[in-house]
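A short write-up of the structure that comes next.
Chain A is the first sequence line, chain B the second, and so forth, proteins listed ahead of strands; every chain is numbered from 1. These figures come from a predicted structure and were not determined experimentally.
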Amino acid sequence: MAVSLSSSNLLLLLLISSLDWLSTPGSAFLMVRDHVTSLAPLEPHITECVSRDQETFRCWWSPGSFHNLSSPGSLRVFYLKKESPASEWKECPEYVHSNRECFFDVNHTSIWVPYCMQLRSHNSTFYNGDYCFTVENIVRPDPPVSLNWTMLNISPSGLSYDVMVNWEPPPSADVRAGWMRIEYEIQYRERNTTTWEALEMQPHTQQTIFGLHIGKEYEVHIRCRMQAFTKFGEFSDSIFIQVTEIPSKESAFPLTLVLVFGIVGILILIMLIVVSQQHRLMMIVLPPVPAPKIKGIDPELLKKGKLDELNFILSGGVMGGLPTYAQDFYQDEPWVEFIEVDAEEEDAGEKEDNQGSDTQRLLGLSQPASHHLTISFPDDDSGRASCYDPDMPDQDTLMLMATLLPGQPEVEEASLDVVKRAPAPEKSERPLVQTQTGGPQTWVNTDFYAQVSNVMPSGGVVLSPGQQLRIQENTSGIEEETVKKGKEHKGSEGTEENKQKELQFQLLVVDPEGSGYTTESNARQISTPPSSPMPGDGYQIIHPQHVETKPVATAEDNQSPYILPDSPQSQLFAPVADYTVVQEVDSQHSLLLNLPPRQSPPPCLPQHPLKALSSMPVGYITPDLLGNLSP
Amino acid sequence: MDVFLCISVFLVVCLVSVVQQGVWALLLWPSLFSSCLPLDCKEEQGSLSRCPSISQEKLLDRIIQHAELIYRVSEESCSLFEQMFIPFPLQFQRNQVGYACITKALPIPSSKSEIQQISDKWLLHSVLMLVQSWIEPLVYLQTSLDRYDAAPDMLLNKTKWVSEKLISLEQGVVVLIKKMLDEGMLTSNHSDQGLFQYDVQPEMLESVMRDYTLLSCFKKDAHKMETFLKLLKCRQTDKYNCV
């Protein structure tokens with residue numbers, strides 16, 4: 001029975017509820033009311049009750065379509081506080097008729113206690129439906145205050161940024177005491193768009209918004225509610241966030257690019273300069289070390305230690321192969337000065353010293369030729385590789401011969417020309433044909449010649465002081481001719497081999513005592529001209545016809561002026577004690593000298609020179625005369 | 001040096017993950033959280049305490065966390081139940097379940113003005129009364145929900161969790177009373193109010209309505225507990241500006 005009753009009740013209830021389901025959603029109270037009075041005029045009803053701080057609350061009512069009840073006081077609000085079963089309906093403690101509001105202050109507000117509201121008219125009409133609630137469930141907190149934002153950072157691309165938004169809890173909500181636990185919800189949107197972006201709810205008073213775009217304006221507002229409750233408060237006033245572009249960062253980027261490219265370009269330029277001027281820079285930074293270089297000698301010989309060849313060259317086997325005279329030699333310096341035994345002794349100006357040195361050198365001539373060569377050669381070269389012009393020896397030789405021979409003005413000019421061209425001589429431009437110059441006459445009469453009195457078996461040469469050894473004019477002329485030839489043949493530079501082939505002279509020393517002629521080997525040993533200044537009038541008879549080119553190594557560089565054309569078969573007549581003057585040339589082209597009777601006339605005597613000699617006071621042969629000489 | 005950096009980064013990541021997992025564990029398995037604090041640790045005079053001690057402030061903070069969580073879960077359970085079982089037109093009744101609640105008879109302040117007037121001791125005792133009065137009804141609720149056919153597991157889990165948490169909350173409040181008020185152990189007087197008669201099987205609708213009422217009332221009381229505890233904390237830290 002009870003079961004059937006309960007089941008019927010249940011069915012009825014279900015039917016009613018199903019009917020109610022058809023109505024529009026809304027507050028429970030309103031929905032029921034609407035369903036019932038969907039067609040009837042709207043009754044006065046309580047619109048809403050709201051609490052802002054969980055300490056007080058307000059209720060609003062509406063007269064509905066019953067406009068006659070809209071006047072203040074026509075409708076009265078009653079509430080029931082269900083604290084105990086014996087509770088009674090009480091009237092609203094405070095009316096605010098302007099708002100149709102009923103305000104419940106702190107004394108009349110109880111939390112966790114159900115309230116029911118009721119509207120009554122003057123004539124005690126009760127209206128259906130109660131509006132019941134508990135205060136904590138109707139709490140809608142005020143919106144937070146002091147909403148502002150700060151920029152956190154900007155993305156590396158400079159297009160988006162992050163913002164930190166912070167605020168204060170609503171002052172009406174007693175959050176600090178813990179009376180209300182509030183959580184906040186931030187919403188933002190771009191300006192002039194309709195949809196809001198909502199961030200996650202959280203109870204803290206700050207929140208970060210990520211990914212905002214530069215240049216766009218954003219609108220942000222916030223609302224809050226009690227934690228674990230459903231009713232939100234009102235939204236706060238919106239704030240606007242906008243960040244414009246930052247030009248400084250933009251401009252810094254190309255500036256750095258420009259700097260980087262500039263530096264790279266400068267570096268490339270420096271590299272190019274270094275590479276192009278490499279040799280010059282290397283010269284400046286690392287000057288080359290002077291290599292051991294001897295004028296006229298191939299450095300290869302020095303390297304490989306071919307001493308024999310070296311000796312040959314140095315001893316004068318090659319005429320003019322080793323130019324030994326420095327540039328300044330041809331200036332107005334006494335011949336004696338050039339003669340130096342020691343390299344350190346730069347100034348050997350005294351004749352006595354030179355004489356002694358010469359004699360000593362001649363006597364003690366057992367040293368290697370290269371030694372003498374190196375000593376007596378004041379080369380002013382700073383060590384530049386092959387800086388010494390190989391043509392210099394020719395020039396020097398020529399100059400020396402020119403200065404040796406007194407003389408012809410043309411020769412002088414030539415010599416002077418040669419002197420001029422000494423610095424940068426062109427081989428093809430040497431018009432030195434007549435090298436007979438009357439140059440510095442001073443040293444002609446100086447100890448240029450010395451008569452070798454005897455040659456010792458050990459190789460030493462005994463010079464007789466007071467005698468002067470002169471080179472015959474024909475000899476010099478031959479020399480000149482050959483020199484000229486040599487010069488003409490020269491087309492390349494540094495061809496010492498050519499010189500050796502073409503300029504081969506041999507120093508002939510005649511023993512006035514009749515010990516015989518000096519051989520080739522003897523001649524080699526003669527290193528320096530005798531320095532005894534003896535104005536002698538003796539002449540040396542030579543054999544000009546035997547001008548053969550022989551590679552003869554000169555003992556010294558300064559030996560070249562004394563190198564005479566000679567042939568191994570040349571036979572000198574018996575050594576004479578004094579110099580003799582060629583008086584005439586007989587039909588056999590032999591020179592007739594004003595010889596002492598014991599002296600036999602030489603088999604081969606040049607004839608031409610006699611003629612020339614007679615006309616010349618000194619008795620030198622000019623090249624043209626020389627040409628007339630024929631074997 | 002690089003190896004050291006790698007190891008340190010790895011350790012930090014591990015630590016962060018562990019902390020995260022700890023937080024999740026706190027939320028999902030509150031029992032673990034409660035087990036961290038052996039509330040039944042008995043301190044004896046003159047003997048070395050075996051239990052780790054906890055400061056009063058930390059204890060109060062933990063209790064407040066418990067209460068907040070309990071309220072949140074209860075609110076979720078109520079909403080879930082309401083959606084599942086309660087027809088919409090009857091949902092408004094949750095607002096007027098005031099005198100149907102079982103705790104209406106308890107002398108608990110219900111307005112802010114009243115709360116301002118009572119002492120800390122009375123606040124704590126109020127909380128304790130509330131907690132103790134709800135332990136048994138929640139058990140009943142659990143059994144009642146189990147009898148439903150379409151009760152979702154989430155609802156059941158939540159209610160179970162709430163009942164368990166409530167017990168640990170009671171323990172915490174007891175310890176706090178002992179520490180703060182230097183009172184002896186209050187025996188939990190689970191007064192058999194006889195509200196629930198297990199022998200009678202209620203009808204489905206009644207059961208539903210009763211469960212709905214229970215859940216709503218419990219939600220309200222959980223909020224009350226949380227508020228009381230927070231006010232107490234405020235009083236502890238700043239006496240002059242609090243309620």
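Between A:E136 and B:K220 no salt bridge is recorded (no basic side-chain N to carboxylate O distance below 4.0 Å). Salt bridge status for A:E48 with A:R58: absent, with no side-chain N to carboxylate O gap under 4.0 Å.
In this structure, CD1 on A:I182 lies 9.5 Å from CD on A:Q54, to the nearest 0.5 angstrom. Atom CG of residue A:L119 and atom OG1 of residue A:T47 lie 8.5 Å apart, to the nearest 0.5 angstrom.
Residues A:W112 and B:H223 bring their aromatic ring centres within 6.0 Å. The distance between the ring centers of A:F57 and A:Y115 falls below 6.0 angstrom.
By a heavy-atom distance cut of under 4.5 Å, A:M226, A:Q227, A:A228, A:F229 are the residues of residues 222-229 of chain A near chain B, going up by number.
Note on ring orientation: taking the six-membered ring where Trp is involved, the planes of A:H97 and A:Y95 are parallel (angle under 30°, cut-offs 30° and 60°).
Neither the backbone nor the side chain of B:E76 comes within contact range of chain A, judged by heavy atoms closer than 4.5 Å.
Counting heavy-atom pairs closer than 4.5 Å to chain B, the top-ranked of the candidates A:N107, A:T109, A:I111, A:V106 is A:I111. Of the listed residues A:E55, A:M180, A:R181, A:R176, the one with more heavy-atom pairs under 4.5 angstrom with chain B than any other is A:R181.
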